[in-house]
Amino acid sequence: MVDMTTRFFEDLDRRGFEPLLVKTSGTLRFDLHEGPHTTHWLLEIDHGNLRVRQEDGEADTVVGTEPRLFAELVGGEENAIAALLRGDMTVVGDLRLVLQVERVFPGPPDSRGPHHTFGGRGA
């Protein structure tokens, strides 16, 4: 079974283009720390065109957190800004990129209006 984080990044890569990010360009690396092990996801954005790789490459912005929290972010159960403010997530580099990418995270399941889902329960 594929976890929520992998599904999220595979979906972004498969889409190839995200209209919400058409005014955004840059690279973000997500470092998911679990004990001594770190999983890296590199997201390249070029005016909405997306490319995702699972590698530890150079990036304009590096986001660090635990895999559990990131799964909650992409599952719509947690908010990235709140996690940053609590210190549960770190950002090194251009915070604006994080704020832009946060727009593609799904909202809470009971929120109104359109929001993305990334193959969570029942998908």
Side-chain angles (χ1 to χ4, degrees):
M1 181 177 153
V2 177
D3 66 20
M4 289 292 288
T5 298
T6 301
R7 191 168 304 206
F8 171 76
F9 284 115
E10 286 177 350
D11 183 66
L12 285 181
D13 194 49
R14 198 172 17 259
R15 262 193 267 172
F17 179 76
E18 173 53 61
L20 290 173
L21 300 176
V22 74
K23 295 182 179 181
T24 303
S25 290
T27 54
L28 286 99
R29 190 179 74 225
F30 295 88
D31 292 350
L32 307 182
H33 309 289
E34 190 164 38
H37 180 72
T38 300
T39 302
H40 307 281
W41 291 93
L42 186 65
L43 172 61
E44 298 174 345
I45 307 165
D46 181 14
H47 300 289
N49 294 302
L50 307 175
R51 181 174 179 213
V52 178
R53 296 187 311 253
Q54 194 168 359
E55 68 179 52
D56 182 12
E58 289 287 319
D60 300 316
T61 303
V62 178
V63 177
T65 192
E66 296 177 343
R68 175 201 52 79
L69 176 61
F70 196 82
E72 290 173 356
L73 290 169
V74 300
E77 301 163 22
E78 183 60 78
N79 178 279
I81 305 307
L84 274 168
L85 293 173
R86 283 194 315 268
D88 293 339
M89 190 165 76
T90 61
V91 174
V92 176
D94 188 353
L95 179 60
R96 293 174 298 174
L97 283 174
V98 176
L99 298 176
Q100 290 297 315
V101 169
E102 194 263 342
R103 298 171 63 203
V104 302
F105 289 177
D110 58 351
S111 67
R112 294 180 182 217
H115 62 275
H116 295 287
T117 57
F118 293 97
R121 295 175 283 277

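- With contacts defined as side-chain heavy-atom distances shorter than 4.5 Å, the pair Leu43/Val101 qualifies.
- With hydrophobic clusters built from ILVMFWY side chains whose heavy atoms lie under 4.5 angstrom apart, Ile81 shares a cluster with Met89.
- Separation of atoms CG (Leu32) and OG1 (Thr65) is listed at 7.5 Å; rounding is to 0.5 Å.
- Smallest separation of non-hydrogen atoms from His33 and Gly64: NE2-CA, 4.0 Å.
- Counting heavy atoms from C-beta outward, Leu12 and Arg15 have side chains that approach closer than 4.5 Å.
- Here CZ of Arg86 is found 6.5 Å from CG of Leu69. Values are rounded to the nearest 0.5 Å.
- The distance from the CG atom of Leu21 to the CG atom of Leu50 is 6.0 Å, given to the nearest 0.5 Å.
- Using a 4.5 Å cut-off on side-chain heavy atoms (C-beta onward), Val98 and Thr61 make contact.
- Side-chain contact check for Asp31 versus Val63: every heavy-atom pair is 4.5 Å or farther apart.
- At a threshold of 4.5 Å between side-chain heavy atoms, the hydrophobic network of Ile, Leu, Val, Met, Phe, Trp and Tyr places Val74 and Leu97 in one connected group.
- Using a 4.5 Å heavy-atom threshold, the side chains of Phe8 and Val104 count as touching.
- Counting only residues at least two apart or on different chains, the ring-ring contact (aromatic ring centres under 6.0 Å, His included) pairs with a member in residues 38-68 are Phe9-Trp41.
- Taken from CD in Gln100 to CG in Asp94, the straight-line distance is 9.5 Å, to the nearest 0.5 Å.
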Verdict with reasoning, Thr39 to Gln54, per side chain to side chain contact (heavy atoms under 4.5 Å, CB included): CA-CA 8 Å; Thr39 302; Gln54 194 168 359; 3.1 Å; yes
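- With a 4.5 Å cut-off on side-chain heavy atoms, Thr24 and Asp46 do not count as touching.
- The two residues Glu102 and Asn79 come nearest to each other via the heavy atoms OE2-ND2, 3.7 Å.
- Under the 4.5 Å side-chain heavy-atom criterion for ILVMFWY residues, a single connected hydrophobic cluster contains both Leu99 and Leu20.
- Heavy atoms only, all atoms of each residue included: Pro106 and Leu73 are closest at CD-O, 3.9 Å.
- No side-chain heavy atom of Leu28 sits under 4.5 Å from any side-chain heavy atom of Asp60.
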Stepwise salt bridge (charged side-chain N to carboxylate O under 4.0 Å, His left out) check, Glu77 with Arg68: CA-CA 11 Å; Glu77 301 163 22; Arg68 175 201 52 79; over 6 Å; no
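- When the side chain to side chain contact (heavy atoms under 4.5 Å, CB included) test is applied to Arg53, the partners found at least two apart in sequence or on another chain are Leu42, Glu44, Arg51, Glu55.
- Proximity of Phe105 to Phe70: side-chain heavy atoms (C-beta onward) are separated by under 4.5 Å at one or more points.
- Residue Phe17 belongs to a hydrophobic cluster whose other members are Val22, with links defined by side-chain heavy atoms closer than 4.5 Å.
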